Amino acid sequence: MKKKLLVLLLSVISILVITACGNSNTSTGNTENGTDSSGKVTSVIDAIKERGKLRVAVFSDKPPFGYVDEKGEYQGYDIVLAKRLAKDLLGDESKVEYVLTEPQARVDLLKSDKVDIVLANFTVTPERQEQVDFANPYMKVAIGVVSPNSAKIESVEQLKGKKLIVPKGTTAETYFMKNHPDIELVKYDQITEAFEALKDGRGAAMAQDNALLFGWANENSNFTVGLSSLGELDYIAPAVKKGNTELLDWLNKELETLGKEQFFHKAYDETLKPAFGDDISADDVVVEGKVEE
């Protein structure tokens, strides 16, 4: 009799422990991360729709790609794309929650589930591909170097013994650290700080994506992109959290659709052409939703 009571008691305790563990697991449910309030795993896209906002990381100070104008409105090439993604996913282009970022913070925003997509001029590199998943590209770039007209830099050799300004977390920083470690780099967290440092003469030149430099030099006539292309051609693409295949697949199909309708050429004419001027054409920059053959 005692043995039967002991078995019964142990069975009851086991049931209570299992129930408690189950309740503990379900209490951590989070619709931001693809689980509902009961802890049940849901579709990532359904979770975004339930939230009613597509969270997109963009720059606030990198015209003409992503910036906040004097009225506090988001503008630029990446913003036009973000609005279209929200329209096609949520039915309304205004359903975007812009999350401002600096170059070095882009990966962490995805890893910590603070954004769904990064559109902040994110260049595809092997190192970054180990940490995030990139969709099809929508731009092509190379590293460029901008300098004052009065002391134009037209070769890497001219940078020897001089200071080169670079924004932190960029492919320009990585390129010069790897290929030209003898050149002294002056690094800044914010892109606006880097440009101000160049204007103040804190460096002989500044390295960054050439597409950005073309636009900036067009607005600052005392400076010239004397070295327009370094290294191999790179691609800029949207990025999602590593392993988020559902959103990645949706993005790739969406980008291919946008490419077929020449969306990116139209976005170029709207946002980039006024900044770049007539010396740069859409074909120099635009990729219509897939890597070119």
Side-chain angles (χ1 to χ4, degrees), residues 59-70 75-78 102-104 120-123 125 139-234 236 268-286:
F59 288 129
S60 64
D61 60 350
K62 198 171 183 180
F65 301 101
Y67 64 101
V68 179
D69 66 16
E70 63 278 1
Q75 305 287 355
Y77 188 75
D78 287 340
E102 295 298 332
Q104 68 274 19
N121 263 76
F122 214 2
T123 305
T125 68
M139 283 187 64
K140 54 187 176 182
V141 295
I143 296 167
V145 175
V146 63
S147 53
N149 294 340
S150 57
K152 189 185 300 184
I153 299 294
E154 297 180 294
S155 70
V156 173
E157 287 67 31
Q158 289 178 273
L159 290 168
K160 302 294 175 64
K162 298 182 175 67
K163 294 180 180 180
L164 176 65
I165 297 166
V166 293
K168 292 180 182 178
T170 61
T171 52
E173 177 191 20
T174 302
Y175 174 84
F176 277 95
M177 287 178 64
K178 179 179 180 180
N179 297 287
H180 302 284
D182 54 325
I183 294 177
E184 182 180 354
L185 301 182
V186 183
K187 304 177 183 181
Y188 291 90
D189 290 323
Q190 297 184 351
I191 296 166
T192 48
E193 289 179 333
F195 279 125
E196 287 303 315
L198 178 63
K199 287 182 176 180
D200 293 344
R202 282 174 269 168
M206 173 178 163
Q208 177 56 299
D209 290 349
N210 59 0
L212 172 67
L213 298 184
F214 292 146
W216 186 82
N218 192 50
E219 294 292 324
N220 294 267
S221 58
N222 291 331
F223 294 85
T224 301
V225 184
L227 191 50
S228 62
S229 182
L230 282 174
E232 297 180 357
L233 185 68
D234 289 318
I236 289 175
Y268 175 92
D269 289 340
E270 178 184 343
T271 62
L272 302 185
K273 186 176 181 179
F276 287 177
D278 296 331
D279 293 337
I280 307 297
S281 71
D283 291 335
D284 293 325
V285 176
V286 169

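Not measured: the values here are computed from a predicted model. FYI, side chains are in, hydrogens and waters are out, and symmetry mates aren't considered; it's all heavy atoms of this structure.
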Let me see the working for Phe214 and Ser228 under side chain to side chain contact (heavy atoms under 4.5 Å, CB included), right down to the final yes or no. CA-CA 9 Å; Phe214 292 146; Ser228 62; 4.1 Å; yes
Evaluate the side chain to side chain contact (heavy atoms under 4.5 Å, CB included) criterion for residues Asn220 and Val146: first the C-alpha distance (whole Å), next the side-chain angles of each, then the deciding distance (0.1 Å), finally the verdict. CA-CA 11 Å; Asn220 294 267; Val146 63; over 6 Å; no
Side chain to side chain contact (heavy atoms under 4.5 Å, CB included) between Thr125 and Thr174, intermediate numbers included: CA-CA 10 Å; Thr125 68; Thr174 302; over 6 Å; no
Passes side chain to side chain contact (heavy atoms under 4.5 Å, CB included), Leu272 versus Val285? Steps please. CA-CA 9 Å; Leu272 302 185; Val285 176; 4.2 Å; yes
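Side-chain atoms of Asp234 never come within 3.5 Å of backbone atoms of Thr123 as a donor-acceptor pair (strictly under, hydrogens ignored). One N or O on the side chain of Lys140 and one on the backbone of Asp283 form a donor-acceptor pair closer than 3.5 Å. Side chain of Asp284 to backbone of Ser281: a donor-acceptor contact under 3.5 angstrom is found. In this structure, the side chain of Asn210 does not engage the main chain of Ile143 through any donor-acceptor pair within 3.5 Å. Using modelled atom types, one side-chain atom of Ser147 and one backbone atom of Ile153 make a donor-acceptor pair closer than 3.5 Å. Under a 3.5 Å cut-off, the side chain of Gln158 and the backbone N or O of Glu154 do form a donor-acceptor pair. Panel note: side chain Asn149, backbone Ser221; a donor-acceptor pair is recorded below 3.5 Å.
Atom CD of Gln208 is separated from atom OG1 of Thr170 by 5.0 Å, given to the nearest 0.5 angstrom. Atom CG of Asp78 and atom CZ of Phe122 lie 12.0 Å apart (nearest 0.5 Å). Atoms CD and CD, from Gln75 and Glu270 in turn, are 8.5 Å apart once rounded to the nearest 0.5 Å. For the atom pair CD1 (Ile165) and CD (Glu193), the distance works out to 11.5 Å, reported to the nearest 0.5 Å. Taking OG1 of Thr171 as the start and CZ of Phe176 as the end, the distance is 10.5 Å to the nearest 0.5 Å. Considering OH of Tyr77 and CG of Asn121, their distance stands at 10.0 Å, rounded to 0.5 Å.
Across every non-hydrogen atom of Asp61 and Ile191, the tightest pair is OD2-N, 3.8 Å. Among all heavy-atom pairs drawn from Gly169 and Pro103, the shortest one is O-CB, 3.8 Å. Contact between Pro64 and Phe276 at its shortest, heavy atoms only, is CG-CE2, 4.3 Å. Looking at every heavy atom in both residues, Met206 comes nearest to Pro167 through CE-CG, 3.9 Å. What you find for Tyr67 and Lys62 is that their closest heavy atoms are CB-N, 4.1 Å. Ala204 and Pro148 make their closest contact through O-CD, 3.5 Å (heavy atoms, listed as atom of the first residue, atom of the second, distance).
Arg202 is listed as a side-chain neighbour of Tyr188, based on a closest heavy-atom distance under 4.5 Å. At a threshold of 4.5 Å between non-hydrogen side-chain atoms, the residues His180 and Val156 count as touching.
A salt bridge does not link Glu173 with Lys168: every distance from a Lys NZ or Arg NE/NH1/NH2 to an Asp or Glu carboxylate oxygen is 4.0 Å or more. A salt bridge links Lys160 to Asp182: at least one charged side-chain nitrogen sits closer than 4.0 Å to a carboxylate oxygen.
The aromatic rings of Trp216 and Phe195 sit parallel, their planes meeting at an angle under 30°, below the 60° perpendicular limit.
Every residue was checked against the salt bridge (charged side-chain N to carboxylate O under 4.0 Å, His left out) condition with Asp69, not counting sequence neighbours, and none meets it.
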